[in-house]
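What follows is a short report on a single structure.
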Amino acid sequence: MTWEPPHDGPLPQHHHNCLGCGDRNPHGHHLQVRLEGGALHARHTFDERHAGAPGITHGGAIATVLDDVFGFAGYLIGQPAVTRSLSIDYDRPVPVGAICDITARLERREDRKLFLTAEGVDASGARLFTARALFLVVDLQHFHGPRPPDSSARSSRTLL
Ligand SMILES: CCCCC/C=C\C/C=C\C/C=C\C/C=C\CCCC(=O)SCCNC(=O)CCNC(=O)[C@H](O)C(C)(C)COP(=O)(O)OP(=O)(O)OC[C@H]1O[C@@H](n2cnc3c(N)ncnc32)[C@H](O)[C@@H]1OP(=O)(O)O
């Protein structure tokens, strides 16, 4: 079967329990990631569950969201890929409850290595954070380790 690049629009979640994008993870961010002109986009609002200092989003929550948005790069190339390295510059505090627009791009590919960049901005366009990541393409065997007991969470609408 020939793989075709996806069209602009919403991309499928990684799987239902994914911490970033899974629709059935009660602790998840429920990200909805879209492809727009070759870039990955997510509009997200962190809430009180994601606070570090009062009213300010925890840096780890931002890292989770960035990692997951980068994880959609697999859809750009038609192969799964996982994080090998993730680096974040936190430029400004991200207020809890404020809209955050995240854009990630695949800058280049070298064999299995995907070099990615991302930026998050607030509603006024001010930069909140930037990030770089190295993802490595893996085969589906990579995911065939121990499985969660609730295998019913998988469906044909998801990859895993
Ligand atoms: C059939 C159709 C499929 C269609 C698929 C479509 C879409 C896919 C969608 C979803 C995929 C599914 C879900 C996952 C996606 C997202 C979830 C969010 C993201 C995550 O949550 S994901 C979990 C966290 N993640 C991990 O759980 C990884 C743990 N880890 C490992 O499993 C191994 O670590 C592995 C396999 C990554 C690599 O292991 P390895 O042994 O194969 O590779 P190695 O380490 O040797 O590195 C290879 C080359 O990278 C160079 N290199 C290494 N580090 C570097 C650095 N920092 N800077 C520059 N270069 C570097 C080396 O120097 C070498 O370079 P060279 O090849 O040139 O020698």
Side-chain angles (χ1 to χ4, degrees), residues 1-47 49-50 52 57-90 94 100-121 128-160:
M1 199 167 74
T2 318
W3 175 79
E4 288 184 21
H7 299 293
D8 281 4
L11 293 168
Q13 60 190 316
H14 293 126
H15 60 93
H16 290 302
N17 287 327
C18 179
L19 179 61
C21 58
D23 60 352
R24 294 190 199 151
N25 187 330
H27 306 290
H29 287 272
H30 301 158
L31 289 173
Q32 295 186 323
V33 179
R34 299 174 55 80
L35 180 64
E36 288 174 18
L40 301 164
H41 287 278
R43 170 164 284 189
H44 190 53
T45 303
F46 294 95
D47 64 41
R49 296 171 301 165
H50 312 124
T57 303
H58 197 293
I62 294 168
T64 297
V65 163
L66 278 166
D67 194 22
D68 202 65
V69 173
F70 280 136
F72 281 78
Y75 292 118
L76 302 178
I77 60 165
Q79 293 172 283
V82 295
T83 329
R84 184 67 170 84
S85 161
L86 174 64
S87 166
I88 302 169
D89 282 342
Y90 297 96
V94 178
C100 182
D101 280 311
I102 300 163
T103 304
R105 291 188 170 80
L106 175 58
E107 296 292 344
R108 69 181 198 282
R109 176 176 183 173
E110 292 175 10
D111 193 23
R112 291 175 63 211
K113 288 178 261 190
L114 308 181
F115 293 89
L116 297 146
T117 59
E119 180 181 60
V121 300
L128 300 169
F129 49 81
T130 56
R132 286 176 290 118
L134 172 65
F135 271 58
L136 283 177
V137 173
V138 291
D139 58 33
L140 290 175
Q141 279 301 119
H142 175 90
F143 302 103
H144 289 180
R147 307 298 309 190
D150 180 15
S151 58
S152 67
R154 287 177 251 165
S155 86
S156 58
R157 289 179 49 237
T158 64
L159 176 67
L160 303 172

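Computed from a prediction, not measured in an experiment: that's the story for all the values here. Counting convention: from 1, in listed order, for ligands and their atoms alike.
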(message) Can you confirm, on distance only, whether ligand 1 has an N/O atom lying under 3.5 Å from any N/O atom belonging to R84?
(response) yes
(message) Please report the interatomic distance CD1(I77) to CG(L114), rounded to the nearest 0.5 Å.
(response) 4.5 Å
(request) Look up atom CG in D101 and atom NE2 in H41, then write down how far apart they are to the nearest 0.5 Å. (result) 8.5 Å
(message) Heavy atoms only: which of P80, A81, G71 lies closest to atom 14 (C) of ligand 1?
(response) A81
(request) Classify the contact between C18 and ligand 1 as side chain, backbone, both or neither, using a heavy-atom distance cut-off of under 4.0 Å. (result) neither
(request) Taking S85 for its side chain and L134 for its backbone only, find out whether a donor-acceptor pair lies under 3.5 Å. (result) no
(request) Flag the pair R34 / D8 as yes when at least one side-chain heavy-atom distance between them is below 4.5 Å, and no otherwise. (result) no
(request) Would you mind finding which of E110, K113, R132, H15 brings a heavy atom closest to atom 65 (O) of ligand 1? (result) K113
(request) With atom 56 (C) of ligand 1 as the reference point, say which of L134, V82, I77 has the nearest heavy atom. (result) L134
(message) Residue-level breakdown please: for D67 versus ligand 1, do any non-hydrogen atoms fall below 4.0 Å on the side chain, on the backbone, on both, or on neither?
(response) both
(message) Taking 4.0 angstrom as the limit and counting only heavy atoms of S85, give me the atoms of ligand 1 inside it, by number and element.
(response) 57 (N)
(request) Calculate, to the nearest 0.5 Å, the distance between atoms CZ and CG belonging to F129 and L66 respectively. (result) 5.0 Å
(message) Below 4.0 Å, non-hydrogen atoms only: which portion of T83 touches ligand 1? Side chain, backbone, both or neither.
(response) both
(request) Look up atom CG in L31 and atom CG in L11, then write down how far apart they are to the nearest 0.5 Å. (result) 12.0 Å
(message) Working to the nearest 0.5 angstrom, can you tell me the gap between L76 CG and L35 CG?
(response) 6.0 Å
(request) Answer side chain, backbone, both or neither: which part of Q79 comes under 4.0 Å from ligand 1, heavy atoms only. (result) backbone
(request) Evaluate the side-chain proximity of L86 to F135: yes if any heavy-atom separation is below 4.5 Å, no if none is. (result) no
(request) May I ask you to check whether R112 has an N/O atom sitting below 3.5 Å from an N/O atom of ligand 1? (result) yes
(request) May I ask you to list the atoms of ligand 1 that are less than 4.0 angstrom from any heavy atom of G78? (result) 2 (C), 3 (C), 4 (C), 5 (C)
(message) Below 3.5 Å, N or O to N or O, backbone or side chain included: is there any such pair between H14 and ligand 1?
(response) no
(request) Considering the heavy atoms of G74, write down every atom of ligand 1 situated less than 4.0 Å from one of them. (result) 6 (C), 7 (C), 8 (C)
(request) Verify, without hydrogens or angle tests, whether H14 (side chain) and G71 (backbone) share a donor-acceptor contact under 3.5 angstrom. (result) yes
(request) Could you see which bit of H142 sits under 4.0 Å from ligand 1, with heavy atoms only: side chain, backbone, both or neither? (result) side chain
